[in-house]
Amino acid sequence: MTKGKIVGLEGSFAVAEAVKMANADVIAAYPITPQTHIVERLSEMVAGGDLDAEFICVESEHTAMSACVGASAAGARVFTCTAGQGLELMHEVLYIPSSMRLPVVAVIANRALSAPLTVWCDHSDMMAVRDIGWIQMLAENNQQAFDLTLCAYRIAEDNEVLFPTMVHLDGFYLSHVIEDMVLPDDEEVAGFIPEYKHPFALDPAKPVSMGCYGPPFIYPETKRAQEVAFENTIPKILETWKEFGDAFGRHYAPVEKYKMEDARIALLTMGSCSETAMLAIDEMREERKEVGLIRLRLWRPFPFKEFREAIKNVEVLVVLDRCVSFGMGGPVCSEVKSALYDQRKKPNVVGFIGGLGGRDIPIEGFKYMILRALEKVKAIERGEEIEMEMIGIRE
Amino acid sequence: MEMEKEEEELFVPRLVTTEENFAPGHRACIGCGEALAVRHVCKALGKNAIIVNATGCIEIISSLLPQTSWRVPWIHTLFENAAAVMSGIESAYKARVRKGKIPDKGVKFVGFGGDGATSDIGLQALSGAMERGHNFLYCCFDNEAYMNTGIQRSSSTPYGAWTTTAPVGKKSIGQATWKKNMPEIAVAHKIPYVATACPSYPFDLMDKVKKGVEIEGPAYIHIFSPCPTGWRYPTNLTIEMGRLAVETGVFPLYEVVNGEYRLSFDFPDLKPVKEYMKEQRRFRHLTDDIIEKIQARVEKEYLKLREKAGVK
Ligand SMILES: Cc1ncc(C[n+]2csc(CCOP(=O)(O)OP(=O)(O)O)c2C)c(N)n1
Ligand code: SF4
Ligand SMILES: [Mg+2]
């Protein structure tokens, strides 16, 4: 069982502690609310000599990610963090480490996208990068933000993985909130995260060409290889989380279940609002509703197997999206439906969009979605079409 | 005197290494000034360098999968971020040496970009890298347009030149703006070393590359790279084009070491720009009064440069 000590830390500082304990070599980041406390804290750590890293104080997020790509290609352990607009500015560069198999670790303090300008949380930024080939996982509290950041290094840098990895924590809800958490000691962490060694890093002693030009006779094969390798990361992710659980006593799974044993109705959430959703489930259980909660911890690669397993006895699945895919509804709901489409037995799926741009979803909001979903299912059974509903909107 | 000169002619080329780190067999057009310049740069760099290449002709002609022309470690990612990737590589090296993970073998870090990658889309990333003071050399291979994508204008295209996006027409003389002075922008960053060079002057070019990588801190070399395909001149005239650009003052060769200017070659009597322009069909539509306007501008700029270099 873990030694370590209990401390009160905000999510941003928890992430910075993880990066420090992982002993990152190069950090390149650009400030943006609500990620700023992470860069500031890391700058302090480097300035104070607590973390021996090169901190590249870059002039944009495009450069932050590009510098991480270069540093990773040169064999360094790297870190960056951003949010919202910053992740969008990185967008072009994000494809490089996933295609060139460079294990960059990035933490995203989820933020809604302009316009109108906003700094508050939703999941629009992380959804916009879902098809790029980054491993994406979400934290629900500060302890998880810390744990998952450590795990991200273990996973990404495994020579059988070598894919960049993003850890998402909801902006403000976690990044700026102080919570109790267990901080393990340095040796424990050092034992968990081995020294990073990229198998073919840039080195004049062994010249390699990286990022060559791919005409049609070879490009599709590179993408096939990438997709196969990406799918194959799931066993490594499971293995890492298992070992983490054994070492530190906190256990993670791609799909996490809460009061699902006998649930006929399941709510699916991602990120920090899941803890509020649990309270809603508790209250509804008192009213004898057979409801449970499913949280997606791993968003990419999508955990098809674990997800199907989790909902196998469910009749109604209620999906919350904190993002709009304009003209299509909610991205999570769409993906969940497609994951179920060719299953013989599948639940009715009812999607809601809520919590956009930092609008809170209270306990009542989750209860509303569940009850409303039951009504909608009746409408579906009557043969009526139902629309994706945005909750908590003043019309 | 006579003897010395002869010796020079005999021996200087022989002092240049026969090692080719930019291998033959690449796919550049016949007479490509850029590929020639890259070859010279690579000779001067030697084996102990890591090259970061922006998207553009050089990357395309040298790296078609599954082949490569590079005998030194080389990485390409995107069009506008070579200096940024370089920042990461150089920082990784520094951190890993300091932490005892690798021995310090004095590796050189070198960025390559075309004029588009450098003075347009990648200017911000380069400015950031120069300002932060990374220890690297950046070489801009200036062929005065986006050649890789089919001869579109850049901010480095000279006034009056035809390109596919600055076409000549009833209402257009071609490029309507004056060439951006990228070396001066580098100088404004107060970096220790800035130079201009041209593969028509290979020994000068190689000397400058050696100085650039040896100096501690950022170094920038702007290399004039004639392009027969884009400039519309016969492929056997590439060396001639470079010489004429220098001798007419269109592209003077100089160095700025810690802010001090020095002309590498001085021409008190410049050849008329017309001599440089006449073989290039990208200029063939220009009327005499426009050529005069260009002549006047070139002379004025050249005088300013001489003044900065303290030449009377
Ligand atoms: C973001 C982005 N925009 C546009 C392009 C298309 N593009 C590739 S190379 C290039 C022009 C390169 O010009 P330059 O840097 O002068 O190099 P040259 O090919 O002339 O050597 C352009 C426009 C791209 N690859 N990426
Ligand atoms: S287009 Fe010009 S620069 Fe590009 S390869 Fe051909 S000659 Fe060289
Ligand atoms: Mg060009």
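By convention in this document, chain letters (A, B, ...) are assigned in the order of the sequence lines, proteins followed by strands, and residues within each chain are numbered from 1. These figures come from a predicted structure and were not determined experimentally.
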Between A:Ser72, A:Ala76, A:Ala64, A:Ala201, which has the largest tally of heavy atom pairs under 4.5 Å with chain B? A:Ala76

Interchain contact, B:Glu90 with chain A, by part (heavy-atom threshold 4.5 Å): neither

With a 4.5 angstrom heavy-atom cut-off, could you sort out which part of B:Ile50 is near chain A: side chain, backbone, both or neither? side chain

Are any side-chain N or O atoms of B:Arg96 and backbone N or O atoms of A:Asp25, one a donor and one an acceptor, separated by less than 3.5 Å? no

Could you tell me the separation between the OH atom of B:Tyr93 and the CG atom of A:Leu202, rounded to the nearest 0.5 Å? 13.0 Å

Which atoms of A:Met65 are under 4.5 Å from chain B, going by heavy atoms: the side chain, the backbone, both sets, or neither? neither

Given a strict heavy-atom distance threshold of 4.5 Å, which part of A:Glu92 is in contact with chain B: side chain, backbone, both, or neither? both

Is it the backbone or the side chain of B:Val72 that comes under 4.5 Å from a heavy atom of chain A, or both, or neither? backbone

No-hydrogen, no-angle side-chain donor-acceptor test under 3.5 Å, B:Gln124 and A:His62: no

Among the listed options B:Glu80, B:His134, B:Lys99, the residue most often paired with chain A at heavy-atom distances under 4.5 Å: B:Lys99

Rounded to the nearest 0.5 Å, what separation is found between the NZ atom of B:Lys101 and the NZ atom of A:Lys197? 12.0 Å

Region of A:Asn23 in contact with chain B, defined by heavy-atom distances below 4.5 Å: both

What part of A:Ala28 gets within 4.5 angstrom of chain B, counting heavy atoms only: side chain, backbone, both, or neither? neither

Residue, of B:Val52, B:Ile60, B:Val107, B:Thr68, that accumulates the most heavy atom pairs under 4.5 Å with chain A: B:Ile60

Heaviest contributor of heavy-atom pairs below 4.5 Å to chain A, chosen from B:His76, B:Glu59, B:Gln67, is B:His76

Under 4.5 Å from any heavy atom of chain B, what part of A:Val93 do you find: side chain, backbone, both or neither? both

Neighbour count >12 (heavy atoms, 6.0 Å) for atom NZ, A:Lys223: yes

Out of curiosity, A:Ile56 CD1 to B:Lys94 NZ, how far, rounded to the nearest 0.5 Å? 9.0 Å

Considering only heavy atoms and a distance below 4.5 Å, find which of B:Pro73, B:Ala84, B:Ala95, B:Gly128 pairs most often with chain A. B:Pro73

Option passing side chain to side chain contact (heavy atoms under 4.5 Å, CB included) with A:Ile96 (candidates B:Asn81, B:Thr77, B:Ile75, B:Val85): B:Thr77

If contact means a heavy atom pair closer than 4.5 Å, which residues of residues 205-219 of chain A contact chain B? A:Pro207, A:Val208, A:Ser209, A:Met210, A:Gly211, A:Cys212, A:Tyr213, A:Gly214, A:Pro215, A:Phe217, A:Ile218

Distance, nearest 0.5 Å, that separates CD of A:Glu54 from CZ of B:Arg132: 11.5 Å

dist B:Ser87:OG -> A:Glu59:CD (nearest 0.5 Å) comes out at 7.5 Å

Report which part of B:Ala49 has an atom under 4.5 Å of a heavy atom belonging to chain A: side chain, backbone, both, or neither. backbone

